[in-house]
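What follows is a single structure, written as structure tokens, with notes after it.
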Amino acid sequence: PSGGIQVTVGGRIIASSKQSITDMVAINPASTGRRRSTSTVGRIFLRFLISFLFVAFYTGVVKRQSKQPLLARNKTDDNMHIPANSKSASKDTAAAAAASPQKDWSHCLDAQPNLNITHADAGPRDKVKNPLWLPAYPTSLPEGYSNFLTELTGLSSASKLYYRSSKTLKRCHNLNLKSGYDGVTCEIVHPIVPCKRPSPSAQAANFGNVVLVALRNPLTAFPSYQQEKAEKYHNAKEQVTKEEWISFRDQYVGNSTHSPLFQEWKEFILEWRNMDKYHVAMYLAHEEWADETKGVALVTKFARVLREEGFPIQYHTDDLACLWHKNILQSAIQKKKKHEDEGRYVAEYTEQQKNFLAAELRKFSSELDNTRPGDDQLKDILTRYSADFK
């Protein structure tokens, strides 16, 4: 009760806080009486007692702290919401965030207009509105394009593939449709897969005279093309090996004297640029789709072209960014993360091949004489593609 300490052995009091440690041990009835032995036992006992008291004290402090609120234990800076002892380390992070702020897309969570137009209640009443050609070099269109176009126009079958057919669908046309919109774009890879019977030129009566050409920088287009073929035709589940890429690259990208893959890429673009009865209204560069600045500009112009050609557009210009963010950017982000999680490597070229491709792109740009619609845009794209090889 007075705050003293008592030590007992076998239920008998052998010492109190008023006694010294030596006395505590000396009056122990179990002692042998030998002074040296008693001192040894006392020292051991003393060490044990001190250790016990230290552990008990520490445990009590930890338990008391664990009951305190988190903010009381880890004081934070109200402005930065970070531990106070990390304030100095966070200054660089805060400065970097201020220098390159992330765009706020929270407003895109609001419901967007969608009139859900169908063939039965929209479009020309007396005739069919034909789709537009969309020649697309393999892997040039972004994932999410089909959903994007469907929401943009309100048409359930806005995006079609030329090679898909059924009893009611052939060459991007609904055989039973008598009036209304027969889709918006018809994707095709001609002349990589030649379309001769009939050729696109021979089908001008069934398509709009405006063409949208999707292309991609050879820097990424060629390895992506190889990967796509491996997945489609060989059921590949993983990225092709580096050895397979190098073999494909050296055979088809080749060198300054023989490059069948680049020649095919160039001819694909020229085929549609020069095609009679059509004109290119827009070149859709793959790299611009997922760019936060260029992507919004691209879809804005894309929607304007479709509107001018008589297709319904369900979104105001100010809302197009949210539609793009939802269907295009988010898909690109998810795909990139998936590839990173899989540990995919970046396909590389030899220095000779990079120099050759850069030079060919510059040469291609110089050959365009601005005699065809879209040449200015194409030249700008080719210049950027060439610079990417440096």
The residue among W245, F222, Y252 that forms ring-ring contact (aromatic ring centres under 6.0 Å, His included) with Y349 is W245

Show the numbers, then the answer: is there a salt bridge (Lys or Arg N to Asp or Glu O under 4.0 Å) between D319 and K326? CA-CA 11 Å; D319 296 327; K326 171 187 174 183; over 6 Å; no

Taking atom types as modelled and ignoring hydrogens, do the side chains of [X] and [Y] form a donor-acceptor contact shorter than 3.5 angstrom?
X	Y	result
T241	E244	yes
S224	Q227	no
D375	N370	no
Y145	E187	no

Near E238 CD, under 6.0 Å, is it more than 12 heavy atoms from other residues, nucleotides or ligands? no

Check the surroundings of atom CD in E348: do more than 12 heavy atoms from other residues, nucleotides or ligands lie under 6.0 Å from it? no

All heavy atoms of P131 vs all of T185, minimum pair found to be CB-N, 4.4 Å

Quiz item: cation-pi between K266 and F262, 6.0 Å / 45°: no

Does NZ or CZ of K354 fall inside the cone over F389's six-membered ring, less than 6.0 Å from its centre and within 45° of the axis? no

Under the criterion ring-ring contact (aromatic ring centres under 6.0 Å, His included), I'd like the reasoning laid out for W133 against W272: C-alpha separation, chi angles, the key distance, then a yes or no. CA-CA 10 Å; W133 285 116; W272 290 94; 5.7 Å; yes

Less than 4.0 angstrom from a charged side-chain N to a carboxylate O is my criterion; do D369 and R273 meet it? yes

side-chain hydrogen bond (donor to acceptor under 3.5 Å, both in side chains) pairs, two or more places apart, involving residues 161-170: Y162-Q203

